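One structure is given below, encoded as structure tokens.
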Amino acid sequence: MSNDILSEIKKDYVLSKLRDGERIDGRKFDEFRKLEIRTGLIGKAEGSAYVKLGNTQVVVGIKMQPGEPFPDVPDKGVIIVNAELVPLASPIFEPGPPDENSIELARVVDRGIRESEAVDLSKLCIEPGKKVWIIFVDIHALDDDGNLLDASAIASICALMNTKVPASRFGLGEDFDLPVNDIPVSVTSLIIGDKFLVDPTRDEMSVGERTLTVTVDKSDNIVAIQKSGDYLLSEPLFTEVLEVSIRASKKIREEILRQCSKAC
Amino acid sequence: MSNDILSEIKKDYVLSKLRDGERIDGRKFDEFRKLEIRTGLIGKAEGSAYVKLGNTQVVVGIKMQPGEPFPDVPDKGVIIVNAELVPLASPIFEPGPPDENSIELARVVDRGIRESEAVDLSKLCIEPGKKVWIIFVDIHALDDDGNLLDASAIASICALMNTKVPASRFGLGEDFDLPVNDIPVSVTSLIIGDKFLVDPTRDEMSVGERTLTVTVDKSDNIVAIQKSGDYLLSEPLFTEVLEVSIRASKKIREEILRQCSKAC
Amino acid sequence: MSNDILSEIKKDYVLSKLRDGERIDGRKFDEFRKLEIRTGLIGKAEGSAYVKLGNTQVVVGIKMQPGEPFPDVPDKGVIIVNAELVPLASPIFEPGPPDENSIELARVVDRGIRESEAVDLSKLCIEPGKKVWIIFVDIHALDDDGNLLDASAIASICALMNTKVPASRFGLGEDFDLPVNDIPVSVTSLIIGDKFLVDPTRDEMSVGERTLTVTVDKSDNIVAIQKSGDYLLSEPLFTEVLEVSIRASKKIREEILRQCSKAC
Amino acid sequence: MSRPEKFIIDGKRLDGRTPDQLRPIKIEVDYLKRADGSCYLEMGKNRVVAAVYGPREVHPRHLQDPTKAIIRYRYNMAPFSVEERKRPGPDRRSIEISKVSKEAFEAVIMKELFPRSAIDIFVEVLQADAGSRTACINAASVALVDAGIPMKGILTSVAVAKVDGVLVLDPMKEEDNYGEADIPFAFLIRGGKIESIALLQMDGKMTKEEIKEAINLAKKGAMEIYQMQREAIMKKFIEEGENE
Amino acid sequence: MSRPEKFIIDGKRLDGRTPDQLRPIKIEVDYLKRADGSCYLEMGKNRVVAAVYGPREVHPRHLQDPTKAIIRYRYNMAPFSVEERKRPGPDRRSIEISKVSKEAFEAVIMKELFPRSAIDIFVEVLQADAGSRTACINAASVALVDAGIPMKGILTSVAVAKVDGVLVLDPMKEEDNYGEADIPFAFLIRGGKIESIALLQMDGKMTKEEIKEAINLAKKGAMEIYQMQREAIMKKFIEEGENE
Amino acid sequence: MSRPEKFIIDGKRLDGRTPDQLRPIKIEVDYLKRADGSCYLEMGKNRVVAAVYGPREVHPRHLQDPTKAIIRYRYNMAPFSVEERKRPGPDRRSIEISKVSKEAFEAVIMKELFPRSAIDIFVEVLQADAGSRTACINAASVALVDAGIPMKGILTSVAVAKVDGVLVLDPMKEEDNYGEADIPFAFLIRGGKIESIALLQMDGKMTKEEIKEAINLAKKGAMEIYQMQREAIMKKFIEEGENE
């Protein structure tokens with residue numbers, strides 16, 4: 001119960017600040033929190049990345065193994081994205097099979113990677129129609145202080161950029177770098193009436209979990225959109241979010257390149 | 001709560017009518033509701049049938065694919081009957097894996113088809129001991145206004161009669177009609193004390209879910225019986241239900257042939 | 001609720017007896033209840049044993065079939081131990097998938113068999129890396145009057161000693177006796193403060209489910225230990241339990257040999 | 001096992017029985033300590049154990065019925081009870097058997113005497129032969145009496161099969177698997193007389209005349225089983241009397 | 001099905017439609033007896049049935065919301081609705097569709113009027129073509145009106161795809177599978193006018209200009225569907241009037 | 001990985017350690033924001049994170065204990081934590097580890113102070129080396145202190161293995177997989193002294209004398225780990241002090 005009151009107070013504070021044109025942590029409306037990326041920390045994985053976005057923390061590990069292709073694309077590798085919102089990461093996450101929120105998160109991250117054609121799947125065919133590389137992208141939440149989705153998307157692409165295909169382990173020649181051609185960046189905005197805030201914190205989310213995620217590729221194409229939450233979105237606001245998301249995505253991509261090229 | 005009262009009133013009404021020798025909808029004791037059959041409405045299925053029995057509606061779709069035979073009958077096709085009592089069809093159905101009622105329904109329908117040898121499974125062997133045709137009969141309830149079982153059994157056999165074996169899709173020669181040799185008809189009676197009513201409606205079922213289902217083949221053999229519900233059945237009543245079921249099954253079979261030959 | 005009171009009274013009784021240096025059923029602290037073993041009662045199983053330890057009853061059945069070896073031990077058979085604490089055996093067992101208690105029981109029994117190398121798995125290879133014998137040890141509780149674990153362990157090894165490998169059924173030559181080289185015996189003690197009681201009954205367990213299980217092979221090696229329950233164990237007590245367990249295991253092993261050689 | 005060429009030779013079945021003969025039956029009452037009532041039963045190669053718990057509190061509260069006890073029945077097969085190891089947990093067949101068996105007992109237990117409570121009947125099949133559901137009902141009946149649950153009478157169950165056109169009582173595996181039809185019955189027996197049918201299923205092919213004939217054969221078998229159930233219960237009470 | 005070489009030939013799509021043309025739509029209101037509101041809808045080869053139950057009591061009590069009704073939405077595909085038999089039960093795709101569809105309806109249903117209760121929306125896909133989620137939302141909208149649930153307006157849903165660089169309305173299977181992008185929309189229509197976006201997803205590749213263009217195309221299609229939803233509802237009320 | 005021919009050469013283990021030497025350990029307190037207490041810990045190649053939530057309300061009400069807090073412990077491995085991808089969700093091994101770890105903490109947490117509430121301990125294994133259960137207990141201990149949960153002392157955990165007949169402290173993967181025995185311990189340390197054993201398991205083959213020897217070796221290792229746990233906690237408090 002006391003949680004409800006606390007949440008009510010937070011909500012009022014966020015809204016009153018917003019009326020003054022400010023965010024509670026002083027950021028600009030289109031500004032992400034501090035981003036920290038570390039790759040390669042999980043030696044047993046083919047690739048891995050730890051991302052800290054403000055206080056939100058997530059680890060992504062990549063495992064690869066040979067397997068069967070989809071019948072309709074017999075000469076391409078397969079990507080499977082899975083997210084575990086383990087109860088360690090938030091008082092509201094529960095143990096058990098993935099719920100609608102973790103499934104949505106995994107699927108939106110998946111669409112960003114897939115539709116930007118970030119991974120060159122045609123280079124992951126071992127024997128057409130029979131054997132291709134399967135890539136498991138496992139998102140493991142550690143601390144959900146808001147916007148786990150964008151943090152997960154960043155960690156996923158960084159982990160992929162950091163991945164070595166373990167060919168030798170399976171007697172399939174020498175290991176090689178996973179071919180990554182694009183860096184899709186998802187930008188999630190919290191919608192509050194006719195305003196919006198990019199990369200919301202958990203405290204900001206207390207005004208209502210109403211978000212719009214726009215994923216952008218390196219050529220400024222939109223590759224995925226997800227409206228999430230029980231709200232009505234006006235067309236002008238949508239247009240504005242689109243513009244801002246494209247701009248914000250560029251900055252994040254630069255940050256990824258800066259931190260990841262160093263790390264990889 | 002108010003549902004309990006409504007149900008109590010319905011029950012009294014059914015019983016008082018019954019004392020006058022009448023059914024609430026004016027039908028005779030051994031009379032089915034109006035039966036409407038449509039086949040072929042699901043183009044993506046190998047066979048399909050929609051059945052409306054009074055206000056009870058059900059759709060059955062048939063899918064076929066090559067698979068392994070049972071070890072003890074290596075040269076025969078396999079039939080798998082599955083029923084989904086989805087929550088759309090009744091306020092008392094719940095989402096989730098099949099409960100005892102949907103399992104019982106599927107298994108009684110299955111026994112009617114199997115024991116009447118309605119489908120000539122010996123013509124569904126592709127390679128003895130290795131590969132035979134698997135027939136999935138999926139019963140999908142739409143509206144349960146009583147006696148979903150008989151409606152499902154009718155829809156199942158009609159869908160089978162309407163099925164084309166998709167041999168060409170699997171590179172196994174030309175498509176051919178599924179060989180159907182019999183039309184088993186299940187007749188469900190509601191048992192009320194020492195009386196019974198054939199093809200009960202949901203309102204009639206309010207007196208207690210106590211039924212006896214007798215499935216009859218075209219030669220008047222009994223091929224399946226299922227007593228369902230917490231009641232004691234006297235031998236004379238059972239004998240009477242048997243007789244009436246055989247008679248009623250003939251009429252339904254004629255109706256199936258009339259509507260289905262037109263449709264198929 | 002009344003169960004709580006009953007349980008409280010039992011607890012007081014056990015503790016007051018204990019202060020007088022006695023057990024409620026008059027046994028010595030290191031004494032097992034009467035042990036009765038019958039083997040071969042399940043003709044459809046490859047091996048089976050019924051064990052009655054006091055009023056605790058359990059049946060173990062062994063089924064064997066060819067299957068794949070573990071990749072890291074390609075030339076050895078595989079043992080899988082599974083326990084079903086079915087609700088028939090105790091008012092507190094619930095239907096459903098194995099809970100932490102049945103998993104722990106199965107795994108401790110498994111470790112005793114595995115680590116004592118009781119079954120010569122190297123004689124169970126059919127084709128190295130491809131096909132070995134899989135042994136399913138299924139523990140089926142009938143009546144849990146305390147110490148189901150030791151009763152299960154005894155029944156498991158007796159069933160294995162009683163097992164014929166069904167080679168002929170799978171066209172793999174003649175049936176032969178499962179090669180069993182050791183008789184691991186698990187000894188479970190109930191820990192009560194700085195005292196302990198071997199082979200506790202359900203009534204004795206009312207003082208708190210705090211046990212220490214020590215499994216001993218025929219050469220007096222310890223092959224498995226499991227501390228179970230929310231208590232702190234002092235080093236001197238642990239040492240004492242070790243000594244007593246070794247002694248007690250010898251007696252049980254003799255009893256097994258006496259009853260089983262007769263039976264097998 | 002493969003289909004035998006003939007099921008009946010010189011009036012005798014494959015196991016030497018006449019068509020109207022039961023398999024050997026063994027019944028032991030009060031087999032378990034923890035259960036409120038229990039029974040071990042063999043019927044041919046069937047080996048089953050039944051336990052009754054209750055009347056007792058219903059735990060997920062919303063399952064309580066304020067007017068009567070709820071009856072639960074769980075038919076479960078041990079993994080080693082059949083030729084090919086069965087994966088633990090209920091399958092569709094077990095769920096159906098549990099349902100119709102539960103309904104049979106609901107019709108005879110005086111459940112109105114115990115509102116808000118549950119009577120749990122658990123049967124474990126340690127070894128399954130043909131007719132395990134009938135063996136379980138027979139064991140459960142005895143366990144209910146042992147638990148002191150008031151009933152309108154006792155349930156006694158037996159099946160009839162048709163093989164080579166002949167009706168046979170209490171079919172064995174081959175008759176069940178390759179026969180032309182199988183009907184399991186459970187009857188309510190009160191005052192030593194069969195009163196009505198509590199469980200009835202059938203699959204196969206039979207004329208209505210054959211079905212009527214099957215009932216008579218089943219009733220004959222049921223009366224014999226009933227005597228054995230009675231004796232087993234009596235024996236327990238006599239022993240208890242002697243022990244006092 | 002394999003990728004067609006060209007999607008648009010002489011300004012016509014593979015099924016003969018122009019880029020801004022909908023597939024044929026058929027709507028039947030009050031299709032089910034037991035549900036409080038229902039609708040059968042065809043949209044191309046999609047065949048879907050929607051049912052609404054409620055406002056009704058929420059059963060696992062702790063799910064109740066003391067300030068408003070909870071909305072539940074279950075999108076479910078029949079096993080035979082797709083080329084390869086689908087295993088019964090919800091998969092990840094169905095769960096995501098159910099979530100975003102539920103949220104769209106949460107935004108328009110006046111749920112504050114029914115505290116502590118539930119409004120259940122069930123949609124069954126009997127046959128799936130491209131755009132089954134949009135067909136289901138259109139059917140669910142009509143079923144909600146049929147059930148008399150107060151809403152801010154009606155939801156109307158349609159998708160736009162991009163094929164061969166051209167935006168097309170209400171894509172068919174080939175366009176959906178092999179096209180360059182797909183955006184399903186649901187709009188709130190009130191007083192005959194599109195007010196806002198209730199559902200929006202997208203995958204593929206589009207410039208922001210194309211997305212704006214797609215909205216306009218979708219709005220055109222939505223207005224046409226809205227007219228058909230309206231007519232179907234009107235027809236029912238007229239028939240009911242006549243029957244009185 | 002295959003069995004090494006020898007585990008100890010010239011008194012050194014495969015990774016260069018002496019038999020009584022621990023792997024490198026790194027501990028970071030207060031690693032997570034949302035949890036009430038947390039800890040990141042490395043022990044060899046183990047990388048684990050522990051979080052503590054509580055005392056907090058118990059949600060399925062009937063799980064509440066009116067006399068004390070219930071303790072829940074969930075040991076969970078990330079799918080990428082091991083060589084071959086692990087399917088998400090608890091397996092039998094994780095369930096057993098969670099049980100014995102929970103019981104160890106139940107014995108030291110002063111749970112009577114928080115009736116009706118729950119204290120949840122979650123540990124995630126991001127990378128698993130040998131001894132991940134001991135690493136998790138060490139991390140969980142620190143997280144409990146960080147959360148301010150009153151305990152009788154601190155739990156410190158380490159394993160001892162037997163390889164080539166020699167007892168070695170804190171075994172690495174090869175020693176664990178191919179060694180002759182493995183004993184994980186957790187000790188209660190109070191006032192800087194080891195008081196008793198809170199967790200104890202063993203598999204392999206050991207004489208009772210070897211087991212006694214193993215305890216002494218484990219106690220030596222535990223005291224070293226305890227110092228590191230203490231320092232990590234101290235460091236946090238000093239930093240907090242400085243920040244004020």
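It should be emphasised that the depicted structure is a prediction, and the values quoted were computed from it without experimental measurement. Just so it is clear: chains get the letters A, B, ... in the order the sequence lines come, proteins before strands, and each one is counted from 1.
At a cut-off of 3.5 Å, with distance as the only test, a side-chain donor of B:Ser102 or B:Asp99 sits close to an acceptor on the other residue. Side-chain polar atoms of B:Ser228 and B:Glu104 form a donor-acceptor pair below 3.5 angstrom. No side-chain donor from either of D:Ser157 and D:Thr134 sits under 3.5 Å from a side-chain acceptor of the other. For the residue pair D:Thr67/D:Glu112, the side-chain donor-acceptor check at 3.5 Å is not satisfied.
Ranked by heavy-atom pairs shorter than 4.5 Å toward chain B, the options D:Pro90, D:Gly204, D:Ala181, D:Ala107 are led by D:Gly204. Of the listed residues (D:Ile211, D:Ile194, D:Leu188), the greatest number of heavy-atom pairs within a distance under 4.5 Å of chain B belongs to D:Ile211. Most heavy-atom pairs under 4.5 Å with chain B, from the set D:Glu210, D:Glu106, D:Lys152, D:Gln201: that is D:Gln201. The choice from B:Arg210, B:Gln226, B:Glu117, B:Glu243 that makes the most heavy-atom pairs within less than 4.5 Å of chain D is B:Gln226. The candidate with the highest count of non-hydrogen atom pairs below 4.5 Å against chain B, out of D:Glu96, D:Glu180, D:Lys102, D:Lys208, is D:Glu96. Listed options B:Gly229, B:Ala106, B:Pro98, B:Gly112 were ranked by heavy-atom pairs under 4.5 angstrom with chain D; first place goes to B:Gly229.
Aromatic rings from D:Tyr73 and D:Tyr75 are positioned such that their centres are separated by 6.0 Å or more.
Here the closest non-hydrogen pair linking B:Gly193 and B:Leu237 is O-CD2, 3.7 Å.
Of the atoms belonging to D:Ala198, heavy atoms from both backbone and side chain fall under 4.5 Å from chain B. Neither the backbone nor the side chain of B:Ser219 has a heavy atom closer than 4.5 Å to any heavy atom of chain D. Heavy atoms of D:Ile215 lying under 4.5 Å from chain B belong exclusively to its side chain. If you measure heavy-atom distances from D:Asp182 to chain B, you find no contacts under 4.5 Å at all. Contacts of B:Leu242 with chain D are made by side-chain atoms alone, with heavy-atom separations under 4.5 Å and no backbone atom involved. Proximity to chain B (any heavy atom under 4.5 Å) is restricted, for D:Lys212, to the side chain, taken from C-beta onward. Heavy atoms closer than 4.5 Å to chain B are found nowhere in D:Ile183, neither backbone nor side chain. Of the atoms belonging to B:Ile246, it is side-chain heavy atoms, and not backbone ones, that fall under 4.5 Å from chain D.
The salt bridge (charged side-chain N to carboxylate O under 4.0 Å, His left out) analysis of residues 84-94 of chain D, with sequence neighbours excluded, yields the pairs C:Asp138-D:Arg85.
The backbone N or O of D:Phe187 sits nowhere less than 3.5 Å from a side-chain atom of D:Thr156 that would complete a donor-acceptor pair.
Of the residues B:Leu178, B:Ile80, B:Val78, the one that meets the side chain to side chain contact (heavy atoms under 4.5 Å, CB included) test with B:Ile135 is B:Leu178.
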